[in-house]
Amino acid sequence: MRVLIRRQPLLLLLVLAFGALAPRLPLLANARSASKKLKPTDKYALIFGTVWGPDNHPVYGVRVLIRRASDKKPKWELYSDHAGEFAQRVAAGKNDYIVTADLKSVKTTDGRPLHLVEDVPVHVEYDERVDIGLHLAR
């Protein structure tokens, strides 16, 4: 009984402290993530592209990396679908992006490795769609 009496003020203090902070915790968590993600109601630009193989056919399963021109590391990573296509929403407004393909595990049917002809620079002005093509060569 004595142990229970001693712990009651401590438990009461903890309950009051968490009760005072609880309404603010979701707001703090959302404030950090809201600045990085696009909301469904925000305006956006769309980078849409197709990965083309050396035989001018679309290539499935290629890892596509997109980064801002000012950044060193890619911010977005996606894969081309069965039609060789990929799409990424980015924030609307003036910005430059670099689109590249990671071809470490991609080879032709005869085992020869593929390489990207060149990284593709993309310039976005407003809420628009920009179509590009990534061309692979032997």
Side-chain angles (χ1 to χ4, degrees):
M1 193 85 150
R2 283 186 173 176
V3 175
L4 206 74
I5 294 172
R6 288 182 187 168
R7 289 187 183 172
Q8 283 179 348
L10 181 62
L11 289 173
L12 181 62
L13 181 66
L14 286 174
V15 168
L16 290 175
F18 283 119
L21 291 176
R24 295 182 185 150
L25 289 177
L27 296 175
L28 293 173
N30 289 340
R32 290 184 199 135
S33 64
S35 63
K36 296 182 181 180
K37 293 184 179 180
L38 283 174
K39 296 176 187 172
T41 58
D42 291 345
K43 292 191 177 228
Y44 63 91
L46 183 70
I47 298 175
F48 185 87
T50 305
V51 180
W52 298 101
D55 54 355
N56 289 330
H57 286 88
V59 181
Y60 164 71
V62 174
R63 184 174 170 221
V64 178
L65 304 170
I66 302 174
R67 65 178 172 88
R68 289 188 180 94
S70 60
D71 295 345
K72 292 183 179 181
K73 293 184 179 180
K75 183 168 176 130
W76 299 278
E77 171 188 341
L78 39 140
Y79 289 86
S80 60
D81 63 9
H82 286 280
E85 297 174 342
F86 60 91
Q88 179 63 48
R89 286 173 51 161
V90 295
K94 287 188 179 184
N95 215 338
D96 292 316
Y97 299 93
I98 304 293
V99 182
T100 187
D102 181 18
L103 301 168
K104 290 179 184 171
S105 61
V106 179
K107 295 182 179 177
T108 61
T109 54
D110 59 356
R112 295 171 57 189
L114 294 174
H115 68 277
L116 185 62
V117 174
E118 64 180 341
D119 293 345
V120 178
V122 176
H123 180 73
V124 174
E125 285 282 334
Y126 306 105
D127 53 341
E128 60 186 329
R129 174 180 164 153
V130 180
D131 293 327
I132 62 169
L134 295 175
H135 296 276
L136 307 181
R138 291 190 175 138

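The structure displayed is predicted, hence computed values, not measured ones.
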So how far is it from Gln88 CD to Trp76 CH2, rounded to the nearest 0.5 Å?
6.5 Å

Does Arg129 pair with Asp131 as a salt bridge, N-O distance under 4.0 Å?
yes

Is there a path of hydrophobic side-chain contacts, each under 4.5 Å between heavy atoms of I/L/V/M/F/W/Y residues, joining Val51 to Val130?
yes

Any donor-acceptor pair under 3.5 Å linking the side chain of Ser80 with the backbone of Glu85?
no

Please, which pairs that meet salt bridge (Lys or Arg N to Asp or Glu O under 4.0 Å) have at least one residue in residues 54-67, sequence neighbours excluded?
Arg63-Glu77, Arg63-Asp102

Could you state whether Val122 and Ile66 fall into the same hydrophobic cluster, counting links through intermediate Ile, Leu, Val, Met, Phe, Trp or Tyr residues with side-chain heavy atoms under 4.5 angstrom apart?
yes

Counting neighbours of CZ on Phe48 that are heavy atoms of other residues, nucleotides or ligands and sit closer than 6.0 Å, is the number greater than 12?
yes

Among the clusters formed by ILVMFWY side chains lying less than 4.5 Å apart, do Val120 and Leu114 turn up in the same one?
yes

If you measure from CG on Asp127 to CG on Asp42, what distance do you get to the nearest 0.5 Å?
11.0 Å

As an exercise, state the distance from CG of Leu78 to CD1 of Ile47, rounded to the nearest 0.5 Å.
9.5 Å

Testing Val64, Leu103, Val117 for side chain to side chain contact (heavy atoms under 4.5 Å, CB included) with Leu134, which one passes?
Val64

Going by heavy atoms in the side chains, are Val90 and Asn95 under 4.5 Å from each other?
no

So, does His115 use its side chain to make a donor-acceptor pair with the main chain of Arg138 at under 3.5 Å?
yes

Identify the two heavy atoms, one from Ala45 and one from Val124, that lie closest to each other, and give their separation to 0.1 Å.
CB-CG1, 3.3 Å

Nearest 0.5 Å, please: how far is CG in Asp71 from OH in Tyr97?
9.5 Å

Nearest heavy-atom pair of Pro58 and Ala83: which atoms, and what distance?
CB-O, 3.1 Å

Under the rule for side chain to side chain contact (heavy atoms under 4.5 Å, CB included), what residues qualify as partners of His123, not counting sequence neighbours?
Asp96, Glu125

Give the minimum heavy-atom separation between Phe86 and Thr50, together with the two atoms involved.
CE2-N, 3.8 Å

In Å, rounded to the nearest 0.5 Å, how long is the span from OG1 of Thr100 to CG of Leu116?
5.0 Å

